[in-house]
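In what follows, a single structure is set out as structure tokens and then discussed.
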Amino acid sequence: MNVLVIGGGGREHALAWRLAQDPEVKAITAAPGSDGMCPPAARAAVDAADVDALVRLAVDGRFDLVVVGPEAPLVAGLADRLAAAGVAVAGPGAAAARLEGSKIFAKDFMARHGIPTARYEVHDQAATARRSLEAGRFEFPVVIKADGLAAGKGVVIAADLSAAQAALAEMMERRCFGAAGDRVVVEEFLQGEEASCMALTDGEHVVPLPPAQDHKRVFDDDRGPNTGGMGAYSDDRILPPGLADAILDAVIRPTVRGMAAEGHPFRGVLYAGLMLTAAGPRVLEFNVRFGDPETQAVLPRLRGSLAETLHLLAEGRLDHARLDTDPWPAVCVVLASGGYPGEYAKGRPIHGLELAGQHPHVTVFHAGTRREGERFVTAGGRVLGVTARGADLDAAVMRAYEAASQVHFDGMHYRRDIALKGLRRYR
Ligand code: AMP
Ligand code: GLY
């Protein structure tokens, strides 16, 4: 198989790394890819947002399978275009990608199909949203979400009415997310631990992937601003006994059935971001692609051929898939640039990469680096994802932090408590 991976972050490096282990895979190209994922991948200088150029690349390069990392090209219809051109693609078409592309679509879809989620209202006027809050229809804190894609920044948890009003004004009046904020979801704040549940589906059959937990805030103990994800771990115990099946039955399968029944079957990676509340799991968001950094912790645990599985998905034959999960947990610690998620410098030399990646159960995924002669330098906010597996979660955590401590660049910072909630709970 000749595989094309779209994207160039840590998630895509993990995809290329994992696909390269499959016996069917002869070559991997990444568009635009990154220096750090070569090898195993080769790079094509095509932007992940340029749908026309990606379709040309996939057709001219005679790729047997296209795996799409980021959501934007999916929402823009890349998978429809590839399928029309006869290229096998693991990713949903634009109509199905609305599960991530429009929070209003996702909420209304869940309401239509009885999928558990936070109570909500949709508003297209800041004034009506304000009146609803003033009338006490929601308690504080309340959650305000821009409808469209906002690069992970479209969710505000407002502590009181004035914070809510500020968020509504930002989104709907000052239009800081452009058209993505013209309509908003106002929803009830949920309490509990979060879990990321991903499943592969061809629109009918479902192959669940092992659960993961992301760490979105920049500082330890979930403090500071939100980021793209400061680390993740995957351990089957993230979901207490019985809960994995309950989530499949209450969330994943009804979503797959509902999308098919509404005429746009979902083919790809269905990601449910869940809050595990006292009253049961509730969907916080759907994503229509592999999570990042979750993928960096989940893929090292998969046994069997991911390439073959994704190809079966594209063909609508996922019932033939054989993919197993290794019981060993995995932990991914993100090493970030000083200042991230705010302003940060680029071009800082990275030391210790080779040493960090030496251990057989450690892999260092590149999220934002660039090769400069013989060395790598920083080129993004999230720079590296140091991932380790271990016989148990303690071993995996220790190994990941040991490896992380080998790496150094000016301004580097990372959370010291990745997987700590799990470690405490399982003890
Ligand atoms: P989203 O992009 O919808 O996942 O939101 C980003 C983050 O905001 C989530 O990972 C949660 O930490 C938080 N969040 C979103 N919706 C809610 C909610 N209804 N209650 C509490 N936290 C939420
Ligand atoms: N880790 C959350 C996401 O991929 O959107």
Side-chain angles (χ1 to χ4, degrees), residues 7 9-12 14-15 68-72 74-75 97 99-107 110 115-121 138-159 164 167 171 177 180-181 184-198 209 211-218 221-234 238 268-279 281-299 332 334 341 365 367 382 385 415 418 421:
R11 164 183 54 206
E12 289 78 14
L15 280 164
V68 187
E71 63 277 9
L74 293 168
V75 172
L99 274 181
E100 177 168 359
S102 167
K103 300 221 187 263
I104 297 174
F105 175 83
K107 295 294 288 190
M110 287 188 270
I115 295 162
T117 187
R119 185 170 62 81
Y120 74 106
E121 286 178 357
F138 292 89
E139 282 174 31
F140 290 97
V142 70
V143 185
I144 297 174
K145 300 182 172 183
D147 176 47
L149 293 183
K153 298 191 174 82
V155 175
V156 172
I157 295 171
M171 288 181 195
F177 303 123
V184 299
V185 171
V186 175
E187 74 176 30
E188 150 200 33
F189 178 80
L190 297 174
Q191 266 168 317
E193 231 180 278
E194 286 183 50
S196 306
C197 294
M198 295 189 272
L209 299 179
Q213 187 172 83
D214 192 3
H215 297 64
K216 288 204 164 110
R217 305 294 200 95
V218 68
D221 300 321
D222 298 326
R223 279 179 315 201
N226 261 321
T227 70
M230 293 297 289
Y233 79 105
S234 175
I238 287 171
V269 184
L270 179 64
Y271 167 126
L274 302 170
M275 189 68 89
L276 308 181
T277 75
R282 300 280 181 272
V283 177
L284 294 176
E285 64 164 343
F286 283 120
N287 292 324
V288 299
R289 36 109 191 134
F290 286 103
D292 196 6
E294 290 94 324
T295 297
Q296 300 176 53
V298 166
L299 293 192
C332 169
V334 170
F365 296 118
R382 290 187 294 174
R415 278 181 63 158
I418 304 302
K421 281 199 212 85

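All ligand and atom numbering here is 1-based and tracks the order in the structure.
Near Leu284, meaning under 4.0 Å from one of its heavy atoms, ligand 1 places the atoms 3 (O), 11 (C), 16 (N), 17 (C), 18 (C), 19 (N), 23 (C). Of all atoms in ligand 1, numbered sequentially from 1 with element shown, those under 4.0 Å from a heavy atom of Glu194 are 9 (C), 10 (O), 11 (C), 12 (O). Every atom of ligand 1 is numbered from 1 in the order shown, and the set under 4.0 Å from a heavy atom of Glu187 is 16 (N), 17 (C), 18 (C), 19 (N). Proximity to Lys145 (heavy-atom distance under 4.0 Å) selects the following atoms of ligand 1: 3 (O), 15 (C), 16 (N). Within ligand 1, the atoms closer than 4.0 Å to a non-hydrogen atom of Lys103 are 2 (O), 3 (O), numbered from 1 in the order shown.
Protein neighbours of ligand 2 below 4.0 Å, counting non-hydrogen atoms: Asp214, Tyr271, Asn287, Arg289, Gly291, Asp292, Glu294.
The N/O atoms of Lys216, backbone and side chain alike, include one that comes under 3.5 Å of an N/O atom in ligand 1. Any N or O atom pair closer than 3.5 Å counts here, and Phe189 shares no such pair with ligand 1.
Under the rule for a salt bridge (charged side-chain N to carboxylate O under 4.0 Å, His left out), the partners of Glu187 that lie at least two apart in sequence or sit in another chain are Lys107, Lys145. Residues satisfying the ring pair (Phe, Tyr, Trp, His ring centres under 6.0 Å) test with Tyr233, not counting sequence neighbours, are none. The salt bridge (charged side-chain N to carboxylate O under 4.0 Å, His left out) check on Arg11 picks up nothing, with sequence neighbours excluded.
Judged purely by atom type and a 3.5 angstrom limit, Gln213 uses its side chain to pair as donor or acceptor with the backbone of Glu194.
Among Glu294, Glu12, Glu100, the single residue meeting the salt bridge (charged side-chain N to carboxylate O under 4.0 Å, His left out) criterion with Arg289 is Glu100.
Residues Leu284 and Leu274 are not in side-chain contact: their nearest non-hydrogen atoms beyond the backbone lie 4.5 Å or more apart.
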